[in-house]
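Within every chain, numbering begins at 1; the chains are lettered A, B, ... in the order of the sequence lines, protein sequences first and strands thereafter. This structure is a prediction, so every number in the text was calculated from the model and none was measured. Just the heavy atoms: all of them, side chains too, but no hydrogens, waters or symmetry mates, feed the values below.
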2 protein chains.
Amino acid sequence: MATPSRRDTPGALTGQAEDYLKVIYHLERSGEAAATSDIAAELGVAPASVSGMLQRLARLGLVRVERYRGARLAPPGRHVALQLIRRHRIIESFLATKLGYSWDDVHDEAERLEHAASTELIERMAESLGHPTADPHGAPIPTVEGRVDERSLRSIAEMTVRETARVVRMSDRDPAFLRYLAGVGLTPGVEVTIVAIAPFDGPVELRIARKRVSIGAAAAGQVFIEPV
Amino acid sequence: MATPSRRDTPGALTGQAEDYLKVIYHLERSGEAAATSDIAAELGVAPASVSGMLQRLARLGLVRVERYRGARLAPPGRHVALQLIRRHRIIESFLATKLGYSWDDVHDEAERLEHAASTELIERMAESLGHPTADPHGAPIPTVEGRVDERSLRSIAEMTVRETARVVRMSDRDPAFLRYLAGVGLTPGVEVTIVAIAPFDGPVELRIARKRVSIGAAAAGQVFIEPV
DNA sequence: CGGAAAAGTTAGGATGTACTAACATTCTGA
DNA sequence: TCAGAATGTTAGTACATCCTAACTTTTCCG
């Protein structure tokens, strides 16, 4: 009856500590070390809590911290983060494909399940989905070995007039944003052509499957594309 | 990125506290208040830890404790326990039916997921299964309102020679025990007829689908039946 | 360049949960 | 019945995590 620990790998971490590693992973993608205040903002905790946790994670060999200068993942920490991201994206795919969740609604559920699901469950889900390589928002799913295609993609905001490209992915964080995108027809896989770009960060007008839509510059910067 | 809390209902409990309520629910089915040491044994914690937790749960109005005499669930605690059991059994059914888990292997996974899954996920699973009323081990699934058919069933050990009955359920706790039962053909739904009962708690010989098998008295006491 | 603002850390405390050791109560059997 | 066994509780401690308040370091701008 006691809740069994999920951890199949040695060195059990709590879900909290795991979340820190995931956040550091994402922040670090900018190239800079993850800043204490950014981690705090991302997790919704006080900066002081982050300082404390970073010391613990450093003691465990999961991150390298330079005092006053932020944190970077050590290889074992990176591995944990990548497996968590794998879990997250497989769960999102499963919920959307097998349980009728809409793509804007899968994030929070996955955020909780990724800490509780066993590796066996994750792999069974992956198998029942035919081992997908991207989640419903187009984010690439790391392999069991921790390989992931993290090319930095161009966004719609970086396209030029008359250019055509295929939408690859978008952030999964804000359900309302995702619903908006789906509403105007922007989902992974569709082709878009830039019709016009208003100056001074103005809206971008584009064609999606014969329809004209106009989206704000901020939104355009959150939708990533690749050459057709 | 912060792990969102599962709790849709007010008064969030941790998974640990929830486990205590579930254990008390099961122990209380005997009619007696749940004893500190029994709760401790079930959860794998020290009796002192149970005393502490019972005080907290009592303060929250979830259990009623009589010092030195054990705990009983208060109505709100009973509700939490029943919903947890509903979650557990729906998850077990889902894993077995939709993800190819074997019935002896679903318990631990469900034990962790029941604390992390949202009510929405549970209801989507239930729906995709056609709203099952029993889990793979034959245990009844409480309704959303908290109703559950908890008749106390007779076990094979209480049958008499030449009597025939249908297997309804068995304990889901020990995977090896479940594999053994499946091996001799004892699964929910099959009919058994008692051929002989050795005296002094000796083995019970029975016929299952034309085959003769002999099981120990202890095992016979763990397999529950109803009249055909 | 130097002081104020921003960012980060430490100190000290709260909560939930666990432990062991010591003490208290209840049960049980001769 | 009553003493020892069994059971339960309290006290004191530990750890993970959070907080606020006070302090330190870094950054930035006039």
From CA spacing to verdict: side-chain hydrogen bond (donor to acceptor under 3.5 Å, both in side chains), Tyr25(B), Glu150(B)
CA-CA 12 Å; Tyr25(B) 178 88; Glu150(B) 286 281 27; 3.3 Å; yes
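- At whole-Å resolution of the value, NE2 in His115(B) and P in dG16(C) are 17 Å apart.
- Under the 4.5 Å side-chain criterion, counting only non-hydrogen atoms from C-beta, His115(B) is not in contact with Gln16(B).
- If you measure from atom CG of Leu21(A) to atom P of dT17(D), you get 11 Å, rounded to the nearest angstrom.
- Between Tyr20(B) atom OH and dG16(C) atom C1' the separation is 11 Å, expressed in whole Å.
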Nucleotide-resolved protein contact map, nucleotides 3-16 of chain D, B/S/- at heavy-atom distance under 4.0 Å:
-----BBB-----S
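- For the pair Ile91(B)/Glu109(B), no side-chain contact is recorded, criterion being any heavy-atom separation below 4.5 Å from C-beta on.
- Here the side chains of Ser128(B) and Leu99(A) are in contact, with some heavy-atom distance below 4.5 Å.
- Asp135(B) has its side chain out of reach of Val106(B): every pair of non-hydrogen atoms, C-beta onward, lies at least 4.5 Å apart.
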